[in-house]
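The residues of the chain are indexed from 1 along the displayed sequence. Excluded from the calculations below are hydrogen atoms, water molecules and symmetry mates; all remaining heavy atoms, backbone and side chain alike, are included.
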Amino acid sequence: FLVAGALLAVVAQRLVRRNCPQCKVHDPGAVQKLRALGVPDEVLAQSTPMRGAGCNHCLSGGYKGRLGVYEGFFIDDAVRAEIRNRSTVEQIEAVARAGGMRLMPESGLDLVLAGLTTLDEVYRAVGEARYAPKPEGSEGGEPVAAPSPAPEPEPEPRTRAGARAGPAPHRADRARADRGARGGLR
């Protein structure tokens with residue numbers, strides 16, 4: 001593919017709501033959910049899952065601001081070779097993961113463990129996650145995304161007449177169209 005030579009990196013992002021810094025409190029319910037996902041107690045002991053209680057600063061919503069949850073990797077020679085060989089998505093992903101690719105649920109769970117957002121907010125933005133052990137030789141574990149359906153593309157905006165929306169016509173063009181609609185000059 002020509003894409004293999006031109007592509008340098010791939011990045012995807014979603015936004016999650018940030019816990020309000022004025023009213024965030026420890027969330028014991030999140031600890032139980034994270035434990036159910038398989039997060040080890042050693043990791044939970046070092047983390048501070050929080051949620052916003054609601055205050056005047058956040059208009060009683062518990063959230064104030066947004067954070068990015070990212071997924072990305074650089075295209076190295078191994079990934080480039082997989083693209084040129086027309087490998088499947090799963091094969092390309094396996095090579096990218098071996099080269100350090102991080103998935104959005106992993107990034108989202110890092111934000112939850114740091115107390116910056118809630119687990120429910122990560123679920124809303126990036127889908128379900130489960131905790132899986134890291135490869136041998138490393139500590140802790142990494143969340144893995146559950147498959148989710150691809151979003152449908154948004155339709156193009158249309159004008160009242162059903163034509164594609166584009167730049168507004170020039171004033172002279174509109175005047176010519178009006179004269180033509182009235183049957184010529186009068």
- [ ] Apply the test side-chain contact (heavy atoms from CB on, under 4.5 Å) to residues D110 and R102: give CA-CA distance (whole Å), side-chain angles for both, the deciding distance (0.1 Å), then the verdict.
- [x] CA-CA 11 Å; D110 288 345; R102 287 188 44 88; 2.3 Å; yes

Task: Salt-bridge contact D120-R51 (side-chain N to carboxylate O under 4.0 Å) - done: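 Salt bridge flag = no for R51 with D120.
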
Looking at side-chain heavy atoms only, is the closest gap between [X] and [Y] below 4.5 Å?
| X | Y | value |
| --- | --- | --- |
| Q46 | D41 | no |
| E121 | L111 | no |
| V112 | L34 | yes |

Least distance between heavy atoms, [X] atom then [Y] atom:
| X | Y | answer |
| --- | --- | --- |
| S47 | L113 | CB-O, 3.1 Å |
| V122 | G108 | CG2-O, 3.6 Å |
| R84 | A4 | CG-CB, 3.7 Å |
| I92 | S87 | CD1-O, 3.8 Å |

Can you measure from [atom1] ([X]) to [atom2] ([Y]) and round to the nearest 0.5 angstrom?
| X | Y | atom1 | atom2 | result |
| --- | --- | --- | --- | --- |
| Q13 | S107 | CD | OG | 10.0 Å |
| T48 | L116 | OG1 | CG | 8.0 Å |
| N19 | M50 | CG | CE | 7.5 Å |
| R124 | L119 | CZ | CG | 13.0 Å |

Which atom pairs, one a donor and one an acceptor, fall under 3.5 Å between side chains of residues 56-75 and the rest of the protein, sequence neighbours left out?
residue, atom, partner, partner atom, Å
Y63, OH, T118, OG1, 3.0
E71, OE1, M104, N, 3.0

Open item on the list: Hydrophobic clusters here meaning ILVMFWY residues chained together by side-chain heavy-atom distances under 4.5 Å, can you tell me if V89 and V79 are in one?
Closed with: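 As far as the 4.5 Å side-chain criterion goes, V79 and V89 are not connected within one cluster.
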
Open item on the list: Check whether T117 reaches the backbone of R18 with its side chain - one donor and one acceptor, N or O, closer than 3.5 Å.
Closed with: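 No, T117 side chain to R18 backbone: no donor-acceptor pair under 3.5 Å.
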
Open item on the list: Evaluate V126 against L103 for side-chain contact (heavy atoms from CB on, under 4.5 Å), listing each step before the verdict.
Closed with: CA-CA 10 Å; V126 300; L103 297 175; over 6 Å; no

Task: Pair D77-E82, side-chain contact (heavy atoms from CB on, under 4.5 Å): steps then yes or no - done: CA-CA 9 Å; D77 291 335; E82 292 296 322; over 6 Å; no

Open item on the list: Which residues pass the side chain to side chain donor-acceptor pair (under 3.5 Å) test with Q91, not counting sequence neighbours?
Closed with: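 T88.
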
